[in-house]
Every structure is written in C-alpha cells, then in structure tokens.
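Only this structure's heavy atoms are used, side chains among them; waters, hydrogens and symmetry mates stay out.
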Amino acid sequence: MKATFNFYILVLLLGVSLMGCTSNNVNVSVKEDEEINQISETKETTTNFTQLVGYVTKKDENKILVVSPEPEDYSANGGESEHYDAVWISTSSITEDILVGQRIKVLFEGSVFLPYPRRGTAKDISVQSTETQKNSKISETEAIQEAINQLDTDAIENSIIIVKSVNYDDKTSSWYIDLNDDNFQIEG
C-alpha cells in the first residue's frame, strides 16, 4: 500500500514538473515570436520612399499596382542590375477614374513597406498627361491596356507587369509597347 502511495506521489510530481516546463516553453516561444515580429516590422519599414511615378498595371477594388518604367541599378551592392520599383497603393480615393495603363504620380502618406512589391498609402494621386498622337485612334492608356490583355493570364496574375517603353509611329499608325520582356505592336 505504501509503495502504491509513493508511486502516485511520484506520478503527481512528475506531471506537475512537466506542466511547469511546458508553460515556460510556451511563454518563451511567444516572447521570441513577438521579438521576431517587432524586428520584421522594423526591417520592413522604409521611410525615405516619398513618391513614385509609374504606370498602373493592376487594379483591385481598394488598391492599384504602380510600377516605375525607369530601372534602378543595384548590381554594385549585389542586387539586380535592372530593378523596377513597384508599390501596391491603397487609398480611399481610388475611383473608376484611375485606369490600368495610365501614368500617374503618387505621393505617399507615411511609411512604405517591404517586401517587393512594396505597400503604401497614397496622400495624393495625379494622372500624368501623355502626349496625344494626332493620327492615333486610341490613347496611350488604351494601347497599354490592349498589350496587357494580350499577355498570358498566368503572367498577369503571378508577376509584376513592367511597362518599359511606349512609342507611337505615325508611319505604321501603331503603338510599340515593351512589357517585361515582350514587345507588342498595337494598331491604332
């Protein structure tokens, strides 16, 4: 009987010890997770990015993706030799007036967050006027929209669309548009 009593006491003590270890591990891991999240949030924030001029290449209900047509060269620091800034922009003023294919200038409110494409909130958005082509039946925006529509559906969904160049040729009455690594000739 005494042996059985000692056995139950030993099991009880072992159970209490294990519960204590488990709750300490949970507290430690929660604390570590909070520290990791704080570090990640600090690394994700960049405050020196105040504006972006680029083309709207995607649009959702509450946000637009704007991509710069001008590449940056980060190869000296081990980065890409041809990097295009891209930011998902949210604002309460995204309306039907902002269209895919338009060239816009965005002034940011507060911080812009990584990873690529970045995320930010617009303080002000202004549509940049494009030169009207007197012989063209369609606008630059419409030509870019048509070129984007010709891209593979998977390419549109899973990648950043970069409008590298847009030119109109009066002789052929066509728009020549470079998107990513594809060239398009749009009659118009």
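Take Phe184 and apply the ring-ring contact (aromatic ring centres under 6.0 Å, His included) test, not counting sequence neighbours, and it matches no residue. Residues satisfying the ring-ring contact (aromatic ring centres under 6.0 Å, His included) test with Tyr116, not counting sequence neighbours, are His83.
Shortest non-hydrogen contact noted between Val106 and Ala122 is CG1-CB, 3.8 Å. Of all non-hydrogen atoms in Glu140 and Val166, the two that sit nearest each other are CG-CG1, 3.5 Å. Between Ile160 and Pro117, the shortest heavy-atom distance links the atoms CD1-CG, 3.7 Å.
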Original post:
Under the side-chain contact (heavy atoms from CB on, under 4.5 Å) criterion, do Ile89 and Phe108 qualify, and how do the steps go?
Top reply: CA-CA 9 Å; Ile89 298 165; Phe108 293 101; 3.9 Å; yes
**OP:** Go through the steps for Gln133 and Trp175 under the test side-chain contact (heavy atoms from CB on, under 4.5 Å), then give the verdict.
**Re:** CA-CA 10 Å; Gln133 302 299 325; Trp175 290 93; 3.6 Å; yes
Subject >> Derivation of the side-chain contact (heavy atoms from CB on, under 4.5 Å) call for Asn149 and Leu151 >> reply: CA-CA 5 Å; Asn149 288 337; Leu151 287 172; over 6 Å; no
**OP:** Could you walk me through whether Leu107 and Thr50 pass side-chain contact (heavy atoms from CB on, under 4.5 Å), step by step?
**Re:** CA-CA 6 Å; Leu107 298 176; Thr50 59; over 6 Å; no
Subject >> Residues Asp178, Ser165; criterion side chain to side chain donor-acceptor pair (under 3.5 Å); working and verdict >> reply: CA-CA 5 Å; Asp178 293 335; Ser165 68; 2.8 Å; yes
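Annotation: side chain of Arg118 is in contact with side chain of Asp85 (closest heavy-atom distance under 4.5 Å). Using a 4.5 Å heavy-atom cutoff, the side chains of Ile177 and Asn183 are not in contact. Residues Val100 and Thr57 have side chains not in contact (no heavy-atom distance under 4.5 Å, counting atoms from C-beta outward). In this structure, the side chains of Asp73 and Ser81 come closer than 4.5 Å at one or more pairs of heavy atoms. Using a 4.5 Å heavy-atom cutoff, the side chains of Tyr55 and Ile161 are not in contact. A 4.5 Å side-chain heavy-atom check between Pro69 and Arg103 finds at least one atom pair inside the cut-off. Proximity of Lys58 to Trp88: side-chain heavy atoms (C-beta onward) are separated by under 4.5 Å at one or more points. Between Ile125 and Ile98, the closest side-chain pair of non-hydrogen atoms falls below 4.5 Å.
The CG atom of Asp152 lies 9.0 Å from the OG atom of Ser159; values are rounded to the nearest 0.5 Å. Rounding to the nearest 0.5 Å places CD of Gln145 at 12.5 Å from CD of Gln150. To the nearest 0.5 Å, atoms CD (Gln185) and CD (Glu146) are separated by 11.0 Å.
Between the side chain of Gln102 and the main chain of Leu99, a donor-acceptor pair closer than 3.5 Å is present. When atom types are taken as modelled, the side chain of Glu142 and the backbone of Ser139 share a donor-acceptor pair closer than 3.5 angstrom. At least one donor-acceptor pair closer than 3.5 Å links the side chain of Ser136 to the backbone N or O of Gly188. A donor-acceptor pair is defined here as one N or O able to donate and one able to accept, closer than 3.5 Å; no such pair exists between the side chain of Asp169 and the backbone of Ser174.
In this structure, a donor-acceptor pair under 3.5 Å is absent between the side chains of Thr121 and Glu109. Between the side chains of Asn135 and Ser173, no donor-acceptor pair of N or O atoms lies under 3.5 Å.
Sequence neighbours left out, the pairs with a member in residues 179-188 that pass salt bridge (charged side-chain N to carboxylate O under 4.0 Å, His left out) are Lys164-Asp181.
Under the 4.5 Å side-chain heavy-atom criterion for Ile, Leu, Val, Met, Phe, Trp and Tyr, Val127 and Val87 are members of the same hydrophobic cluster. Hydrophobic clustering (side-chain heavy atoms under 4.5 Å, transitive across Ile, Leu, Val, Met, Phe, Trp, Tyr) keeps Val67 apart from Val53. Linking Ile, Leu, Val, Met, Phe, Trp and Tyr whenever their side-chain heavy atoms come within less than 4.5 Å puts Ile138 and Tyr168 in one cluster.
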